[in-house]
Amino acid sequence: AQSVSQHNHHVILSEAASLELGCNYSYGGTVNLFWYVQYPGQHLQLLLKYFSGDPLVKGIKGFEAEFIKSKFSFNLRKPSVQWSDTAEYFCAVNVPNDYKLSFGAGTTVTVRA
Amino acid sequence: DVKVTQSSRYLVKRTGEKVFLECVQDMDHENMFWYRQDPGLGLRLIYFSYDVKMKEKGDIPEGYSVSREKKERFSLILESASTNQTSMYLCATRAPMTDGNTIYFGEGSWLTVV
């Protein structure tokens with residue numbers, strides 16, 4: 001079974017700072033990769049996903065993520081955060097043809113105005 | 001837009017009570033899921049269903065059961081609620097491969113067991 005590690009539990013930034021959230025997974029084969037975001041009081045929303053092709057994936061709200069197969073990583077980045085990016089971010093992994101989506105523990109991001 | 005509706009947003013139940021959490025989706029998706037979300041643990045899969053009347057245990061099925069009598073409805077049942085089942089419960093559906101396999105979540109049900 002695959003497992004997902006998110007290295008940071010809580011990140012605190014100022015507005016306009018750059019953000020990078022780490023995500024590593026433990027499955028050696030082909031995977032589908034996702035980042036979800038949960039804003040305060042709201043449901044989980046898909047930020048971006050990677051299935052195949054260009055390993056640099058662009059998502060909504062200026063986020064991007066890079067899949068590095070050799071490092072089993074799928075780190076999320078945003079060059080300049082805003083106060084509205086305050087949320088909890090979850091990395092998730094799915095093996096094709098498997099029903100299960102495995103989530104990391106989540107990273108809480110607090111952006112200070 | 002996919003809509004996943006969880007009928008109860010906030011519930012308070014007593015230890016030993018039977019609890020039903022209902023989830024309805026409007027997109028005719030075959031796959032439906034129940035997760036619980038706890039601080040520092042992320043989302044953990046309780047049960048999933050890949051078709052009507054079909055179900056599979058997830059990572060933490062103990063103390064839970066599920067029912068999928070109709071394609072659009074997936075219920076999570078706590079036969080005898082305990083305080084360690086106080087959590088946020090999330091229902092989800094998965095789009096087919098042709099639609100990118102994306103998982104869509106409901107707004108969650110906060111359950112407190114006292």
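Proteins get letters first, then strands, A, B, ... in listed order; numbering begins at 1 in each. For clarity, every value in this text was computed on a predicted model and none was experimentally measured.
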Output a table of donor-acceptor pairs, distance under 3.5 Å, between side-chain atoms of residues 44-51 of chain A and any protein atom two or more places apart or on a different chain; print 'none' if there are none.
unit_1	atom_1	unit_2	atom_2	d
A/Q45	NE2	A/Q42	OE1	3.1
A/K49	NZ	B/T102	OG1	2.7
A/Y50	OH	A/G53	O	3.4

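Contacts of B/Q37 with chain A are made by side-chain atoms alone, with heavy-atom separations under 4.5 Å and no backbone atom involved. Residue A/E88 touches chain B through its side chain alone, counting heavy-atom pairs closer than 4.5 Å. Contacts between B/D38 and chain A at a heavy-atom distance below 4.5 Å are absent for every atom of the residue.
For the set B/N31, B/V4, B/I103, the count of heavy-atom pairs under 4.5 angstrom toward chain A peaks at B/I103. With chain B as the partner, the residue from A/Q6, A/Q38, A/H43 showing the most heavy-atom pairs under 4.5 Å is A/H43. Highest contact tally toward chain A, considering only B/L43, B/L90, B/L41, B/L45, is held by B/L43 [criterion: heavy-atom pairs under 4.5 Å].
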Item to complete: Begin from the C-alpha positions of B/Y64 and B/L76 and carry the test side-chain contact (heavy atoms from CB on, under 4.5 Å) through to its verdict.
Response: CA-CA 7 Å; B/Y64 302 95; B/L76 180 70; 4.0 Å; yes
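Ring to ring, A/F90 and B/F105 are not that close: their centroids are 6.0 angstrom or more apart.
For B/Q25 (side chain) and B/M32 (main-chain N/O), no donor-acceptor pair under 3.5 Å exists by modelled atom type.
Sorted by first then second residue, the side chain to side chain donor-acceptor pair (under 3.5 Å) pairs that include residues 9-18 of chain A, not counting sequence neighbours, are A/H10-A/T110.
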